[in-house]
Amino acid sequence: MYGHRDRGGGGSSKSELVGGPLDRKRINDALDKHLEKSSPSTSRGLNSKDKERSSVPSTSTEESETDSEESDVSGSDGDDTSWISWFCNLRGNEFFCEVDDEYIQDDFNLCGLSSQVPYYDYALDLILDVESSHGDLFTEEQNELVESAAEMLYGLIHVRYILTSKGMSAMLEKYKNYDFGRCPRVYCCGQPCLPVGQSDIPRSSTVKIYCPKCEDIYYPRSKYQGNIDGAYFGTTFPHLFLMSYGHLKPQKPTQSYIPRVFGFKIHKP
């Protein structure tokens with residue numbers, strides 16, 4: 001059966017975990033080819049800048065070579081771990097919150113997604129941990145497509161869920177825990193950020209972080225997070241979030257950097 005390979009503590013190696021950087025790239029490439037064949041108009045690759053950014057190794061001290069040898073799954077694994085919990089605990093998926101099963105089971109919330117995601121029914125079953133015998137009939141490539149389609153479908157459900165009161169509440173906890181990172185701008189003084197997409201169209205660009213203080217966007221610090229599709233968070237979320245939780249909206253920074261030469265301000269023509 002198709003599924004998230006060896007979620008439980010069965011001694012599986014890092015390379016066997018779907019969601020690892022190399023495995024994710026491989027199955028997403030396969031999904032790209034499938035989408036190009038099925039609907040060229042809706043199959044957009046990441047733009048060149050984002051592709052270059054995602055291929056450049058991170059220089060952050062947080063992402064050391066030692067870290068890369070560790071498991072892509074954070075936290076403990078167990079046989080009873082749901083697909084959603086497993087997926088959200090993968091390294092690089094820290095920006096995702098766990099979507100309630102009840103929300104996913106409501107067909108109204110999934111309206112229009114079946115036409116965007118290949119292997120939709122199988123991907124949905126995988127997300128909801130519904131046992132299916134059809135996976136036994138699939139080739140290895142088809143199983144990989146289902147796995148990648150499940151990631152895409154979850155992302156498209158996620159972008160809708162985080163605009164609901166329950167979703168925002170879940171994202172609020174992550175915001176308070178600085179799970180989305182802090183603004184790299186010096187004069188923002190470590191302001192916590194929020195995830196944002198530059199487009200609502202899947203596979204257009206990768207996720208960025210939005211600083212509510214300077215109101216600008218930046219690349220995530222982690223190279224793993226930098227590979228996530230920005231459409232899974234959308235263009236609306238951070239702004240609606242700050243409208244809903246107005247008390248979290250910070251004051252704009254009063255300081256800005258002033259270039260100087262030998263102590264004198266540089267004259268601007």
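The shown structure was predicted, so the numbers you read here are calculated from the model rather than taken from an experiment.
Note: Tyr210 and Tyr218 fail the aromatic proximity criterion, with ring centroids not under 6.0 Å apart. Aromatic pair Phe237/Phe233: centroids not less than 6.0 angstrom apart. A centroid separation of less than 6.0 Å is found between the aromatic rings of Tyr154 and Phe87.
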#### Entry: Residue pair Ile162, Met168: steps toward the side-chain contact (heavy atoms from CB on, under 4.5 Å) verdict
CA-CA 5 Å; Ile162 59 178; Met168 283 200 183; 5.8 Å; no
### Message
Using the rule given for side-chain contact (heavy atoms from CB on, under 4.5 Å), can you reason through Leu126 versus Leu153, listing the C-alpha separation, both sets of side-chain angles and the distance that settles it, and then say yes or no?
### Response
CA-CA 10 Å; Leu126 179 55; Leu153 178 57; over 6 Å; no
### Tyr245 vs Ser169, side-chain contact (heavy atoms from CB on, under 4.5 Å): CA-CA, chis, key distance, verdict
CA-CA 10 Å; Tyr245 301 104; Ser169 179; 4.3 Å; yes
### Task
Apply the test side-chain contact (heavy atoms from CB on, under 4.5 Å) to residues Lys174 and Phe96: give CA-CA distance (whole Å), side-chain angles for both, the deciding distance (0.1 Å), then the verdict.
CA-CA 9 Å; Lys174 299 180 79 65; Phe96 288 98; over 6 Å; no
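Two residues are said to be in side-chain contact when any heavy atoms from C-beta on lie closer than 4.5 Å; Ile258 and Lys265 meet this criterion. A heavy-atom distance below 4.5 Å is not found between the side chains of Ile104 and Tyr161. Between Ser85 and Glu98, some side-chain heavy-atom pair lies under the 4.5 Å cut-off. Residues Phe241 and Leu248 have side chains in contact (heavy-atom distance under 4.5 Å, counting atoms from C-beta outward). Contact annotation: the side chain of Thr236 approaches that of Leu163 to within less than 4.5 Å [non-hydrogen atoms, C-beta and beyond]. Residues Gln191 and Arg182 have side chains not in contact (no heavy-atom distance under 4.5 Å, counting atoms from C-beta outward).
In terms of hydrophobic clustering, with Ile, Leu, Val, Met, Phe, Trp and Tyr side chains grouped at heavy-atom distances under 4.5 Å, Leu145 and Leu124 are assigned to a common cluster. Following chains of ILVMFWY side-chain contacts shorter than 4.5 Å, one cannot reach Tyr224 starting from Tyr178, and the two form parts of different hydrophobic clusters. One hydrophobic cluster, built from ILVMFWY side chains closer than 4.5 Å, holds both Leu90 and Leu128. Under the 4.5 Å side-chain contact rule for hydrophobic residues, Ile127 and Val159 do not share a cluster. Follow the hydrophobic side-chain contacts under 4.5 Å out from Tyr187 and you never reach Ile209; the two are in separate clusters.
Checking side-chain atoms of Glu173 against main-chain N and O of Met171 turns up no donor-acceptor pair under 3.5 Å. Judged by distance alone, with hydrogens and angles left aside, the side-chain atoms of Asp179 form no donor-acceptor pair with the main-chain N or O of Tyr175 at under 3.5 Å. Between the side chain of Asp106 and the backbone N or O of Phe108, at least one donor-acceptor pair lies under 3.5 Å. Without hydrogens or angle criteria, Asp200 side chain to Thr235 main chain gives a donor-acceptor distance under 3.5 Å. Put simply, the side chain of Gln142 gets close to the backbone of Thr139: a donor and an acceptor are under 3.5 Å apart. In this structure a side-chain-to-backbone donor-acceptor pair under 3.5 Å is present from Asp229 to Ala231. At distances below 3.5 Å, not a single donor-acceptor pair connects side-chain atoms of Asn93 with backbone N or O atoms of Asn89. Checking side-chain atoms of His158 against main-chain N and O of Cys97 turns up a donor-acceptor pair under 3.5 Å. With Lys166 contributing its side chain and Tyr103 its backbone, the two residues share no donor-acceptor pair below 3.5 Å.
Among Glu94, Lys208, Arg91, the single residue meeting the side chain to side chain donor-acceptor pair (under 3.5 Å) criterion with Gln225 is Glu94. No option in Cys183, Pro192, Cys193, Cys188 other than Cys188 meets the side-chain contact (heavy atoms from CB on, under 4.5 Å) test with Lys213.
Between Ser244 atom OG and Leu242 atom CG the span is 8.5 Å, to the nearest 0.5 Å. Between the CD1 atom of Ile157 and the CG atom of Asp100 there is a distance of 12.0 Å, given to the nearest 0.5 Å. To the nearest 0.5 Å, the span separating OG on Ser165 from CG on Leu172 amounts to 12.0 Å. Of the inter-residue distances, the one linking Asp107 atom CG with Ser114 atom OG reads 10.0 Å to the nearest 0.5 angstrom. In this structure, Glu147 CD and Trp83 CH2 are separated by 10.0 Å, a value rounded to the nearest 0.5 Å. In this structure, the separation between CG on Leu110 and CD on Gln116 is 11.5 Å, given to the nearest 0.5 Å.
Aromatic ring pairs are classed by plane angle as parallel below 30°, tilted from 30° to 60° and perpendicular above 60°; the pair Phe180 and Phe95 is perpendicular.
Looking at Asp216 and Arg185, no side-chain N of the basic residue comes within less than 4.0 Å of a carboxylate O on the acidic one, giving no salt bridge. Under the 4.0 Å criterion applied to side-chain N and carboxylate O atoms, Glu215 and Lys252 are assigned as salt-bridge partners.
Nearest heavy atom pair, residue Pro195 against residue Val207, reads CB-CG2, 4.1 Å. The nearest pair of heavy atoms linking Ile201 to Ser199 is N-OG, 3.0 Å.
Applying the 6.0 Å contact sphere to CD of Gln251 captures no more than 12 heavy atoms from other residues, nucleotides or ligands. Annotation for Lys249: atom NZ counts as buried by contact number, over 12 foreign heavy atoms lying within 6.0 Å.
Checked by atom type, the side-chain pair Ser204/Gln198 shows no donor-acceptor distance below 3.5 Å. Using modelled atom types, one finds no donor on one side chain facing an acceptor on the other under 3.5 Å when comparing Asp129 with Ser82.
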